[in-house]
Amino acid sequence: MDLFNDDVIAAIATGDSAGGIGIVRISGKGAEGIADAVIKTSSGLLVKDFETFTMHYGKCFDYYDHQLIDEVIISVMKGPHSYTAEDVVEINCHGGQVVTRTVLKAVLDAGARLAEPGEFTKRAFLNGRIDLSQAEAVMDVINAKTEKSLAYSMNQLSGGLSDQYQRIDQELVHALTIIDASIDYPEYEIDTLTTKDLLKIIDGLLSNVQSLLSTAQTGKIVRDGIATVILGEPNVGKSSLLNALINSDRALVTDIAGTTRDVVDEYINIDGIPFHIIDTAGIRETQNKIEALGVKKSLSMLDQADLILLVYDVSRGTSQDKALPFDINPDKTVINVYNKYDLAESNIQDEDGIVISTKTHYGLINLKNKMKDEAMHRINKKDNENVLSNLRHIHLLNQVNENLLNVQCGLNQNIPIDLTAIDLKNALDCLREITGRNVGSDIIDSIFAHFCLGK
Amino acid sequence: MKKYSGGSFDTVVIGAGHAGCEAALATARMGKETLLLTINLDSVAMMPCNPAIGGTGKGHLVREIDALGGEMGKNIDATMIQCRMLNTAKGPAVHSLRAQADKKAYQFRMKEVIENQDHLVLKQQEATKLFIEDQKITGVQVVTGAVYQCRSCIICTGTYLKGRVFIGDVQYDSGPNGLFPARYLSDSLKENGIKLQRFKTGTPARVDEKTVDYTKMQIQEGDEEITPFSFETEHLDIDQVPCYLTYTNTETHKIINENLDRSPLVTGDVVGIGPRYCPSIETKVMRFKDKERHQIFMEPEGLYTREVYVQGMSSCLPEEVQINLYRTVAGMENVEFMRTAYAIEYDCIHPTSLKATLESKQIEGLFFAGQINGTSGYEEAGAQGILAGINAGLKLDEKEPVILDRSQAYIGVLVDDIINEDASEPYRMMTSRAEYRLLLRQDNADLRLTPIGHQVGLISEKRYEQFLRKKEKIAEEMERVRRVIVGATDRNNQTLINLGTTPIQSGVSLAQLLKRPQLSYENTAPLDTNRPDYSKHICDEVEIQLKYEGYIKKQNAQVKQFKKMESKRIPENIDYQLIEGLRLEAVEKLSEVRPMSIGQASRISGVSPADITVIHVYLENRKKENANRDAEK
């Protein structure tokens, strides 16, 4: 924690609400430089050269791989005439909350620190922006929020993820224990680690940390979207559904069954959550070789699906046989979609699905809401399965990774062990920042728990 | 007993062990009339445990004491009988000096220095009572009735306060090494509101060398070339005495296990908490059941004695059991004891009641240093002694105190650690405790601290000028090495290949080349034809600073961050009860420790980051209110 307001902090200023627009606020000396590291304006003007209180159009890119994240509007308010009385840059993203989070991640990667809850307000106060009479209220807010954030860091850790951190933590402490024991007790016979042993431990740690990072949900969802496969028998209106969802005529739609012979995909965004919609060939027993190929491909798409929209034609009667000529993995989330409501003869109950009409767009909003709910449910569920989704964690874990790479590099170059220990210690400090535990005398306690030392 | 006036002093130092000697020398050298009291004149600078100074972390402390103008470094340089630089295979941050001392010579030399010091009077007297008026120290009474008036007092009583020795079921009141304990001072401290606790430590037997068979042990020689502790000692060349290594075995452990019920540690007679890093042999065997043998180091106690210190075998088992178990060790089959191993329990204070100057928060002018502060070790004691002495002296002159922080010195780490958290065992310095250990090296202790030593008057002008010249030369040479470009000539590349590294394609600065692990300042001499002739100190410093530049920069960046937190002062009169939003536990801890800075507050266990934010906002608010009030006036 930095109390002295001279580093750059950033956070999403619009909260977690599912609005379309999200604002990433960056505050502090050097805020503009950080924005420049991830933003290219269409005019080519650097953020630091912006006039104060002007807005500019540009694109935001990933700090590391320079992939486009979103088209954004950037505004600059130079201190002291800003909310915090510091230089403030705000990045307005229109891609919804997942994109906004990804933009924030890029800003953090570029060197900003994730703001503590209430920190913008705190800075505003410390910099004299907020009146004395407001001070007490501010303090209450900060206190409440900071307490919450402390509890939050541990509570955020679900079982699986917490175990993973615990394991990485134990390995780091183990390595440091042995190194420090051998440094502090050079005359004692303790099982020291050879460079090779240490490299092996570091390799293991790196692969753990990196596999955790690779599951970082935000980036993945933004890149790939929630994989959503439209599935159903021929001519139930799968392509029409895709078109209705994207409001375009990309897929060829006819009344002849089996028109979609290949997989067609599109990206849509529902309240900030990106979906990768995959339209498939209708699935039925077929003699047509080309169609059979399409069916096979449709089925193979199932493996990659997060979400399946299983489409039925209600004009064919509600009591139609729901048995499909294939099995769906129970792990997949399935939404039953009853299409062609406009052609149905009687009222349809939508107990186990959503009734829609791709022609009149009846029920489409219900479907989108359902898709969003299921997606959020899935994202949250994934959190419980060791998927990293908390930006703060990702940011810190990236630092753990960087320090471990330094250790690896140092070991390969035969740098003295006490220097390598510095990077190792830094890695542990970053990890402990995630879990909220202080390193304190843990290493020393561990040394005496594991080794018999001393006169 | 009738009281009488024994005279008046600026400072009275109680106890002439390692802390007391440094403290008294510091105040006297700062021109303060100083009285140094000891329970026995023959125990000045006594080493009641192992005959060695230094070691990991501790060697750093001795260097720092020396850099500040203390005596310990010079004293061990003058009286060592063996010296080793430990950890040379590891990085420069953890190189540590350790020397075997001739115990008696060490004591005699220190006593001589003290006796010859101006403004310093040494007396054999047991201090019994403190006089305190208006929460200020005014005098010290001794057992014979004399009362010495004083304006400050430094208590360095080691393990003497209500000392009690344990050898199995034989238990008696005693100071260390058969000396008298201090029986009365504890009560006087308590009467004045100073809380005490019981700690425990122990020492192994001293055995008769005639009865030891060294041929069954491994010899351990000193370094061929000795690195002195003191920056003022130019060169040391002595005939060194070896130590020996041997091991316990299953038979030893069997005897211990069979007699555990006779150990006061097990019976519960010893209530004091012993240090984990000086475990008795019975503790080792109990805690590490799977370990088949433990190392035992045989350390000679001096040149004119045949007493040998048996490191690794401290014990408080009954004497007969001790003898039996020592005799199971290879080379000690027929060993005779000269002094029996014992555990000692003693009173010490809660160091959280101290300021970072080592002055009591409750009683003005009363300082504490050494084992009474719950630490262990001669070096830890000496380090606190000199700091307490300096601050007592500065206070008498109404000058700003010297406070060393964690980024400046191991002494700073030590003091910060003990005043912020009540330790449950005696505190020992370890390099692992220093988060900036790459910056706190033993080689640069003078660069870190000698300006402070000079400023307070403990470093002579002559030494300071030498120091400044050395500093200048280091800077010059670093600058030169950065400028030297090593050409990609065949000759240079052949030299590089011979040194086990890769040739260069084009000219590279020597500073850059030094970063290669295979290269050193010394072995690159052939690549650097116009190299000036500098002393080893200077060459080492240049090499370390250039070679590890990247890591040093990293630690410097961390220190910058740390310093910002430290520089945010908390006013002394702050009332934590009045701060809304602080959790109860934080209020208690903060009220007890009374941290000087936000940084220090953040290191107190039980104070959360949220509490820190609350304090910070409170302070800023208060500042603004004050400013507004002033403006209104």
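Reckoned from all heavy atoms, side chains included, excluding hydrogens, waters and symmetry mates. Remember, predicted model here, so these are calculated numbers, not experimental data. Proteins come first, then strands; the chains are lettered A, B, ... in the order of their sequence lines, and each starts at number 1.
- Under a cutoff of 6.0 Å and an axis angle of 45°, B:K554 and B:Y551 form a cation-pi pair.
- Of the listed residues B:M430, B:E421, B:R516, the one with more heavy-atom pairs under 4.5 angstrom with chain A than any other is B:M430.
- Chain B forms the most heavy-atom pairs under 4.5 Å with one residue out of A:S182, A:G410, A:A421, and that residue is A:S182.
- Neither the backbone nor the side chain of B:Q220 comes within less than 4.5 Å of any heavy atom of chain A.
- No other option in A:D423, A:D180, A:I183 has as many heavy-atom pairs under 4.5 Å with chain B as A:I183.
- Note that the OH atom of B:Y309 and the SG atom of B:C49 stand 3.0 Å from one another [nearest 0.5 Å].
- By the 6.0 Å contact criterion, NZ on A:K200 is open, its count of non-hydrogen atoms from other residues, nucleotides or ligands being 12 or less.
- If you measure heavy-atom distances from B:Q555 to chain A, the contacts under 4.5 Å come from the side chain alone.
- When the candidates B:T203, B:I281, B:L438 are compared by the number of heavy-atom contacts under 4.5 Å with chain A, B:L438 comes out ahead.
- For B:R433, the parts lying near chain A are the backbone and the side chain together; criterion is any non-hydrogen pair under 4.5 Å.
- Taking all atoms of both residues into account, the shortest heavy-atom contact from A:A112 to A:A10 is CB-CB, 4.0 Å.
- Ranked by heavy-atom pairs under 4.5 Å with chain A, the first of B:R603, B:R428, B:Q518, B:K547 is B:R428.
- Ion pairing between A:K425 and B:E435 fails under the 4.0 Å rule for side-chain N and carboxylate O.
- Classification of the B:H60-B:Y410 ring pair by plane angle, with boundaries at 30° and 60°, yields tilted.
- In this structure, chain B has a heavy atom under 4.5 Å from the side chain of A:I422, while its backbone stays farther away.
- Looking at B:Y247, the atoms closer than 4.5 Å to chain A (heavy atoms on both sides) all sit in the side chain, from C-beta outward.
- Geometrically, B:R441 does not engage B:Y548 in a cation-pi contact defined by less than 6.0 Å to the ring centre and at most 45° from the axis.
- Taking 4.5 Å as the limit, every side-chain heavy atom of B:H294 sits out of range of all side-chain heavy atoms of B:M313.
- Heavy atoms closer than 4.5 Å to chain A are found in the side chain of B:K291, but not in its backbone.
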